[in-house]
Amino acid sequence: MPNFSFDLVSDYDIAEMNNVLDQTKREIDSRYDFKNTPAAIEWLDQAKSGLKITGTSEWQIDSIIEIVRKKLASRGQSQKVLDLSKIINTNNMQSVKEVPFIKGLDHDKAKIITNMIREHNNKVKSQIQGDAIRITSSSKNELQEIMQLIKSSEFDFPVGFDNF
């Protein structure tokens with residue numbers, strides 16, 4: 001009997017994040033309330049693992065984050081990828097906020113998901129593999145059921161499916 005599987009991952013699409021950054025930059029350049037201000041958005045580092053948002057105040061940074069959220073939603077990306085826990089650094093009439101992206105499932109998050117899968121359907125096997133979870137079953141219907149369960153669950157991190 002064949003086994004079917006997929007991987008549950010917590011990741012983001014770098015190409016889509018590139019598009020979000022470019023669209024946000026264009027909107028910042030065209031908005032009247034950002035004219036003659038240091039309002040800007042750029043990559044956090046060379047690996048494109050987050051965003052660095054610059055503005056004159058907390059209000060302006062919050063406005064830029066709201067633009068990023070709208071762009072993420074319009075491109076079908078989860079807003080949960082943004083880690084907004086870092087504080088705003090203010091220096092010389094300029095505020096900077098670093099917003100790293102959340103990537104990978106740590107052991108605690110993976111345990112929560114595997115327990116939820118086991119409680120829902122004990123025929124489906126789930127195995128933690130690094131920062132992903134391999135979910136295996138002999139029935140495609142059971143896997144689709146688990147996918148619907150995961151999609152309907154509210155997690156504080158993004159989840160996606162890979163390697164069907």
Side-chain angles (χ1 to χ4, degrees), residues 6-117 126-135 147-164:
F6 67 88
D7 289 342
L8 180 69
V9 295
S10 180
D11 205 355
Y12 56 91
D13 184 354
I14 193 69
E16 288 296 335
M17 297 312 266
N18 254 336
N19 293 332
V20 167
L21 180 79
D22 290 340
Q23 289 177 354
T24 304
K25 280 182 180 179
R26 276 192 226 119
E27 187 165 334
I28 289 171
D29 291 342
S30 68
R31 280 188 42 169
Y32 181 75
D33 56 342
F34 291 150
K35 295 287 185 209
N36 301 321
T37 66
I41 187 169
E42 59 190 64
W43 290 115
L44 190 59
D45 53 24
Q46 291 293 331
K48 299 182 179 181
S49 64
L51 301 171
K52 181 179 174 185
I53 301 171
T54 307
T56 56
S57 64
E58 186 174 340
W59 168 85
Q60 201 169 50
I61 289 178
D62 288 343
S63 296
I64 294 171
I65 290 172
E66 201 56 40
I67 294 169
V68 170
R69 285 184 169 166
K70 287 178 187 174
K71 300 303 178 188
L72 283 169
S74 69
R75 303 214 52 94
Q77 300 298 307
S78 174
Q79 297 175 22
K80 295 177 183 176
V81 75
L82 303 174
D83 180 7
L84 300 171
S85 63
K86 292 200 174 192
I87 60 170
I88 297 173
N89 297 325
T90 304
N91 192 4
N92 289 343
M93 302 286 289
Q94 190 173 7
S95 299
V96 176
K97 181 166 181 132
E98 294 180 353
V99 182
F101 297 143
I102 297 173
K103 182 177 181 172
L105 292 171
D106 63 19
H107 191 70
D108 296 333
K109 293 175 185 174
K111 278 295 232 191
I112 291 169
I113 294 172
T114 55
N115 288 338
M116 181 182 69
I117 292 169
S126 56
Q127 181 180 20
I128 300 171
Q129 296 181 337
D131 60 352
I133 301 172
R134 171 72 46 96
I135 300 171
M147 285 179 163
Q148 290 303 318
L149 173 71
I150 291 169
K151 285 180 186 176
S152 66
S153 299
E154 283 296 316
F155 299 114
D156 59 345
F157 50 91
V159 291
F161 306 107
D162 203 9
N163 295 333
F164 298 103

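- Residue N19 holds its CG atom at 11.0 Å from CG of L72, rounded to the nearest 0.5 Å.
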### Message
Run the side-chain contact (heavy atoms from CB on, under 4.5 Å) test on M17 and V81 for me, step by step, so that the C-alpha distance in whole Å, both residues' side-chain angles and the decisive distance to 0.1 Å come before the verdict.
### Response
CA-CA 10 Å; M17 297 312 266; V81 75; 3.8 Å; yes

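- Among residues two or more places apart in sequence or in another chain, the ring pair (Phe, Tyr, Trp, His ring centres under 6.0 Å) test is passed with F101 by Y12.
- Using a 4.5 Å heavy-atom cutoff, the side chains of T90 and E58 are not in contact.
- Across D33 and Q60, no two heavy atoms sit closer than the pair O-NE2, 3.9 Å.
- Contacts of Q127 classified as side chain to side chain contact (heavy atoms under 4.5 Å, CB included), with partners at least two apart in sequence or in another chain: Q129.
- Summarising the geometry of L105 relative to A132, their closest heavy-atom pair is CD1-CA, 4.5 Å, with the distance given to 0.1 Å.
- Between K70 and E27 no salt bridge is recorded (no basic side-chain N to carboxylate O distance below 4.0 Å).
- Annotation for S10 and P158: closest pair OG-O, 2.7 Å, computed over non-hydrogen atoms.
- The shortest distance between side-chain heavy atoms of V99 and V68 does not fall below 4.5 Å.
- Looking at heavy atoms from C-beta onward, K97 lies in side-chain contact with I65 at the 4.5 angstrom threshold.
- Looking at K52, its side chain never comes within 3.5 Å of a backbone N or O of V96 through a donor-acceptor pair.
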### Task
Please step through side-chain contact (heavy atoms from CB on, under 4.5 Å) for the pair I135 and I150, ending with a clear verdict.
CA-CA 12 Å; I135 300 171; I150 291 169; 4.1 Å; yes

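- Under a 3.5 Å cut-off, the side chain of N92 and the backbone N or O of Q94 do not form any donor-acceptor pair.
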### Task
For the pair R69 and L82, evaluate side-chain contact (heavy atoms from CB on, under 4.5 Å) and give the outcome as yes or no after the intermediate values.
CA-CA 9 Å; R69 285 184 169 166; L82 303 174; 4.3 Å; yes

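- In this structure, the side chains of K80 and I102 stay at 4.5 Å or more apart for every pair of heavy atoms.
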